[in-house]
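In what follows, a single structure is set out as C-alpha cells and then discussed.
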Number of protein chains: 2
Amino acid sequence: MNSPLVPLGRPRAERADAARNREQLLATARAMVAELGVEGVTMDGLAERAGLGKGTVYRRFGTRAGIFHALLDEDEHAFQDQVMSGPPPLGPGAGPVDRLIAYGRARTAYLADHLAIVRASLDRKQPVPAGSPATLTRMHIRMLLSLARPGITDLDSLALQLTAALEGPVMLYLSAPQPTTAPDPALADRLGDSWQTLIERVCPSG
Amino acid sequence: MNSPLVPLGRPRAERADAARNREQLLATARAMVAELGVEGVTMDGLAERAGLGKGTVYRRFGTRAGIFHALLDEDEHAFQDQVMSGPPPLGPGAGPVDRLIAYGRARTAYLADHLAIVRASLDRKQPVPAGSPATLTRMHIRMLLSLARPGITDLDSLALQLTAALEGPVMLYLSAPQPTTAPDPALADRLGDSWQTLIERVCPSG
DNA sequence: ATATTAAGCGGGGTGAAGTCCGCTTATGCT
DNA sequence: AGCATAAGCGGACTTCACCCCGCTTAATAT
C-alpha cells in the first residue's frame with residue numbers, strides 16, 4: 001500500500017544532511033558578516049569557507065539576498081511574536097492608536113538594530129516581494145487603522161504611505177556607507193517621536 | 001603670462017568629441033530602453049551598439065545607475081523648473097499647504113510616469129546619494145513645512161518621513177516586475193488624494 | 001539487507017558590472 | 001604651424017551573482 005504516515009501535506013521532511021548544512025552555512029555567514037561586514041559575504045566565499053559547494057548555497061537560499069533574509073528570520077519571528085501576542089501596547093490589549101505608536105517605535109528600533117542586514121536582504125529586482133517584512137508592517141498598520149477609524153476613506157493608500165514613512169527613512173534614506181556603523185543612536189528615537197506625532201495627527205480621535 | 005580667459009573655476013571645458021560621444025551614448029541608451037526595456041541595457045551592449053569602448057561609458061556615467069540618472073536629468077530639470085518658478089499652486093504664489101499638496105500630486109505623477117527608469121537609476125550601495133531627486137524632494141518639503149508652521153518641533157524628521165511616504169510607495173512598494181508596464185493609472189491618483197489627506201491632517205491650520 | 005528514488009550536492013560555466021592602464025587626440029599656448 | 005599636456009578612449013581583466021547538470025546519498029519500501 002502507499003500510505004506513508006506523513007508524506008502528504010509537506011512533500012517530504014528536510015533531509016538530515018541538508019539541515020546540517022543549512023546550520024553550517026548560517027553560522028559561517030554570521031561569522032563572515034561579523035568579520036568582513038555585509039559586503040564581504042560572497043556566494044563563493046561562503047561556500048568555500050563552509051566547506052560546501054556553491055550549488056548547495058544556491059539550493060538553500062536561492063539568491064544572495066536570501067542569505068540575509070534567512071539570517072534575519074529568527075529575530076523577525078521574535079519581533080512578530082511580540083506584536084501578535086506580547087504585552088500591550090505593542091501586543092493586543094491597548095487601543096489601536098497606542099498600538100500604532102508602539103509598533104512604529106518598536107519597528108524603528110528593530111530596523112536600526114539590524115540595518116546592515118536588512119538592507120542586504122533587499123533584492124533589487126522584484127520590489128519588496130510578497131512575504132517580506134514590509135508586507136507584514138503594511139498589513140498590521142492597515143489592520144490597526146481600520147480599528148482606529150480615522151475618518152479616512154482610502155485606508156489602503158494611507159497604510160501604504162505610512163508604511164513607507166515608517167520603514168523608508170531607516171531602510172532607504174539613512175545608513176552610513178561604512179560597513180557596520182550604527183548611524184546615530186538618537187536618530188532612531190527622534191524618528192520614533194516623529195512617528196508618534198504623525199499618527200496622533202492622522203488619527204485624532206485618540 | 002598665464003591668464004587664460006575662463007580656465008579657472010571650471011578646470012576646462014568639455015571636449016568636443018566627449019560631448020559628441022555622450023549624446024551618442026544617451027541616444028543609444030534611449031533606443032535600447034525602448035527596444036529591450038530597462039533590463040536589456042548592459043554596459044557592454046551599450047558600448048558596442050554605440051560603437052565605443054566600455055571605458056568610455058564608465059568615464060561618462062560612472063556606473064550603470066548613472067546612465068539612467070543621466071537619462072532622467074532633462075525631465076528632472078523640467079519638473080524642478082515647474083516647482084521653482086512655474087505657476088501656483090505648484091510654483092511660488094500659493095500657501096505652503098497648497099503647495100505641499102500640489103507638489104505631492106505632481107511628484108507622484110512624475111514618478112509613476114518614469115517608474116522604470118527611476119527605479120533603474122537607484123544604486124544599491126550609497127543609500128540615495130546626496131544629489132539625488134529624493135534629496136530635492138526632501139529639501140522642498142522641509143522648506144514648505146517650516147513655512148506652514150504646523151506646530152511640530154522636529155521638522156527634519158517629519159520631512160524625512162513625508163518624503164518617504166511620498167516617494168516610497170511608487171519607488172519601492174509598487175511597480176510590476178514586467179519591464180514597461182504602468183501598474184495602474186488610477187493608483188497614482190489615489191496616492192495623490194491620500195497624500196492630500198495626509199498633509200491636511202498634519203498641517204491643520206490650512 | 002537491498003533496492004529505489006528523488007532530494008541534495010558540487011563545481012565548472014556564463015554574463016554582466018566595474019577596474020586598470022597604456023595609447024590617442026583635442027585643446028590651448030607659443 | 002608645431003608642441004606640450006591632460007582629457008578622452010578602448011578593451012583586456014577581475015570579481016561576483018546566478019545557472020546547469022550529472023553524480024551521490026539519505027530516506028523509505030520491500
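Remember, predicted model here, so these are calculated numbers, not experimental data. First the proteins, then the strands, lettered A, B, ... as listed; each starts at 1.
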Inset, instruction - Go through C:dC9, C:dT27, C:dA17 for me and flag the one nearest to the B:Asp44 side chain. - result: C:dA17

Legend entry - Among D:dC18, C:dA17, D:dC9, the one nearest A:Tyr58 by side-chain distance: D:dC18

Inset, instruction - For DNA chain C, find the residues of residues 48-56 of chain A with a heavy-atom distance under 4.0 Å and give them by number; none if there aren't any. - result: A:Leu52, A:Gly53, A:Lys54, A:Gly55, A:Thr56

Inset, instruction - Give me the residues of residues 17-30 of chain A where at least one heavy atom lies under 4.0 Å from an atom of DNA chain C, by number, or none. - result: A:Asp17, A:Ala18, A:Asn21

Legend entry - Residue pairs fulfilling salt bridge (charged side-chain N to carboxylate O under 4.0 Å, His left out) with at least one residue in residues 19-32 of chain A, sequence neighbours excluded: A:Glu14-A:Arg22

Legend entry - Any pair counted as salt bridge (charged side-chain N to carboxylate O under 4.0 Å, His left out), so long as it reaches residues 38-47 of chain A, sequence neighbours left out: A:Asp44-A:Lys54

Inset, instruction - For A:Arg99 and A:Leu147, run side chain to side chain contact (heavy atoms under 4.5 Å, CB included): C-alpha distance rounded to whole Å, both residues' side-chain angles, the deciding distance at 0.1 Å, then the answer. - result: CA-CA 11 Å; A:Arg99 287 193 75 189; A:Leu147 291 176; 5.7 Å; no

What's the [atom1]-[atom2] distance between [X] and [N], to the nearest Å?
X: A:Phe61; N: C:dC9; atom1: CZ; atom2: P; answer: 11 Å
X: A:Leu36; N: D:dC16; atom1: CG; atom2: P; answer: 11 Å
X: B:Arg60; N: D:dA7; atom1: CZ; atom2: P; answer: 12 Å
X: A:Leu46; N: D:dC16; atom1: CG; atom2: C1'; answer: 13 Å
X: A:Glu14; N: D:dT28; atom1: CD; atom2: P; answer: 13 Å

Legend entry - Stepwise salt bridge (charged side-chain N to carboxylate O under 4.0 Å, His left out) check, A:Asp189 with A:Arg105: CA-CA 8 Å; A:Asp189 285 339; A:Arg105 285 189 185 280; 5.7 Å; no

Inset, instruction - Quick one: list whatever passes ring-ring contact (aromatic ring centres under 6.0 Å, His included) with B:Phe61, sequence neighbours left out. - result: none

Inset, instruction - Apply ring-ring contact (aromatic ring centres under 6.0 Å, His included) to A:Tyr110 and list each qualifying residue two or more places apart in sequence or on a separate chain. - result: A:Phe79, A:His114

Legend entry - Polar side chain donor-acceptor pair, B:Gln196 to B:Glu200, under 3.5 angstrom: yes

If you compare every side-chain N and O of [X] against the phosphate oxygens of [N] (OP1, OP2), does one of them come in below 4.0 Å?
X: A:Thr42; N: D:dT15; value: no
X: A:Arg15; N: C:dG8; value: no
X: B:Arg59; N: D:dG8; value: yes

Inset, instruction - Would you sort out whether B:Glu167 and B:Arg119 count as a salt bridge (charged side-chain N to carboxylate O under 4.0 Å, His left out), showing the intermediate values? - result: CA-CA 11 Å; B:Glu167 309 214 325; B:Arg119 284 181 52 88; over 6 Å; no

Inset, instruction - Would you sort out whether A:Leu145 and A:Leu100 count as a side chain to side chain contact (heavy atoms under 4.5 Å, CB included), showing the intermediate values? - result: CA-CA 8 Å; A:Leu145 277 179; A:Leu100 269 173; 4.0 Å; yes

